[in-house]
Structure formats: C-alpha cells, structure tokens
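Comments concern the structure below.
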Amino acid sequence: RKEVEQDPGPFNVPEGATVAFNCTYSNSASQSFFWYRQDCRKEPKLLMSVYSSGNEDGRFTAQLNRASQYISLLIRDSKLSDSATYLCVMHNQAGTALIFGKGTTLSVSS
Amino acid sequence: EADIYQTPRYLVIGTGKKITLECSQTMGHDKMYWYQQDPGMELHLIHYSYGVNSTEKGDLSSESTVSRIRTEHFPLTLESARPSHTSQYLCASRLAGITGELFFGEGSRLTVL
C-alpha cells in the first residue's frame, strides 16, 4: 500500500458546486497533515493544515479521521479560481520528511 | 511570500554535462528538501537536510548529490546529466518541528538532450 493515496480525478464541477476529496494514508504514526494547492506548472503552496478536531477556512473545510486513516477536504461554492491540483501531505513512515500524494485535479467551469 | 529562490529556472543541457541547481532561503530554516516532479505526476522526495553538514537521501533514489555547508544554501549536483534526469526539481524549506509550513521555490526545469 502506498503511503499516501488520492483519487487523481479529474473532478469537473460547475461553479457553485460543493466538492470533496479524500486522501488515505498508511502511516498511523503521522502527526502532521496538510492540504497543498498546485497550479499548473507552479510550485505547491499551503492551502491549510489539518487538525484533529477539523478546521475551516472560509469555503474550505479539512477533517482528519485517524481511525480510518484518511483526511478530507471540502470546498463549498466552487469558484473558477479553485481549479488546480490539491495535494495531501504528511510525514513519511520514518518521520523524517513530508511526502505528497499524487494530487487530485479539480476543474471548475462556468 | 516565501523567501526561497532557485536558479536556474530553466536549463537545457547536453548529455554528460555537470550541472548544479542552486537553492537559497533567507528565512533561517533548518530543514531543506529537494523534490523531483515530472509533468502531471506526484512530487518525489530525493534529498533532505536537517541543518548544516546534514544530508540524507529521500524516498526516491536519485543519482544527484547535495551539500549543506551553510544554513541558507542547499545546492543539488548532477555529475553527468542524462536524458532520464529531465524533470522539474523543487527546493523547499521549513522550520523545525512537526507543524511548520513547507515553503517551495519556483522550481528548476531541467531538460537533458
């Protein structure tokens, strides 16, 4: 099983839609979880950290389910500018570095 | 904005040449990383460093080498470039601790002919 797995999509949604991504992981000891956003041919940038209690930032909600070993990202009221690849990130098995999922591609259309 | 810089942004070079990709950050971060990413594919960790004189290989085997003589500088070297090395190389850094945000440079896109 890969350390981090994401549904690659693409998710094609209309403006205003609500979309959710999941990311499963195998390292039960991982302490830190993040969602990053990567635009085409650009570097990844932090979207939000994922806390045990779940957290919200505007239209974005992140949740962590340790029992089932997955994190999720919910985007409400999708905008055209949300079109990007969303990467889930966490510590690797050795706890030495951050590793990235393959990413889920979101395309929002008008 | 992140204060982490990579040069060159783009490099096209012939097989067998030695290349060095530069990465510098002015945020005083101890931890620095090199990731490799092919178009449309995931990022793979190839090297990381926890501080001066500390370097480790990442999860993906790479023929490149790195050095960390100064906190702010983490160059990556390929002694003899091959077409299989064609890729984008992303440098990143963060503070120590488990919650520090990872900041990326804009990347170096390498093409080996």
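Hydrogens, waters and symmetry mates play no part in the numbers below; they use all other heavy atoms, side chains included. Sequence lines set the chain letters: A, B, ... in the order given, protein chains first and strands last, and positions in each chain run from 1.
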Checklist entry - Measuring from B:L43:CG to A:E43:CD, what's the distance to the nearest 0.5 Å? => result 11.0 Å
Checklist entry - Cluster question for you: counting only ILVMFWY and a side-chain heavy-atom cut-off of under 4.5 Å, with indirect links fine, are A:M48 and A:I75 together? => result yes
Item to check | Approximate separation, where rounding is to 0.5 Å, of B:E42 CD and A:T85 OG1 | outcome: 12.0 Å
Checklist entry - Ring centroid separation for A:Y36 and B:Y35, is it under 6.0 angstrom? => result no
Next on the checklist: Taking NZ in B:K57 as the centre, count heavy atoms belonging to other residues, nucleotides or ligands within less than 6.0 Å. Is the count above 12?
Outcome noted: yes
Item to check | Atom pair CZ/CG of B:R94 and A:L46 - distance to nearest 0.5 Å | outcome: 11.5 Å
Item to check | Structural part of A:Q38 lying under 4.5 Å from a heavy atom of chain B | outcome: side chain
Checklist entry - Linking I/L/V/M/F/W/Y whenever any side-chain heavy atoms sit under 4.5 Å apart, do A:L73 and A:V19 land together? => result yes
Next on the checklist: Please classify the contact of B:L90 with chain A as side chain, backbone, both or neither, using a heavy-atom distance under 4.5 Å.
Outcome noted: side chain
Next on the checklist: Using the rule that Ile, Leu, Val, Met, Phe, Trp and Tyr join whenever any side-chain heavy atoms are under 4.5 Å apart, tell me whether B:I19 and B:V112 fall into a single cluster.
Outcome noted: yes
Next on the checklist: Under 4.5 Å between side-chain heavy atoms, counting indirect links through other Ile/Leu/Val/Met/Phe/Trp/Tyr residues: same cluster for B:L60 and B:L78 or not?
Outcome noted: yes
Next on the checklist: Are there over 12 heavy-atom neighbours, none belonging to A:Q63, within less than 6.0 Å of that residue's CD?
Outcome noted: no
Checklist entry - Mind checking whether A:R41 and B:R109 have side chains closer than 4.5 Å, heavy atoms only? => result yes
Item to check | Evaluation steps, ring-ring contact (aromatic ring centres under 6.0 Å, His included), between A:F100 and B:Y33 | outcome: CA-CA 13 Å; A:F100 288 71; B:Y33 307 84; 9.3 Å; no
Next on the checklist: Under 4.5 Å from any heavy atom of chain A, what part of B:E56 do you find: side chain, backbone, both or neither?
Outcome noted: neither
Checklist entry - Is the number of heavy atoms from other residues, nucleotides or ligands within 6.0 Å of CG (A:L80) greater than 12? => result yes
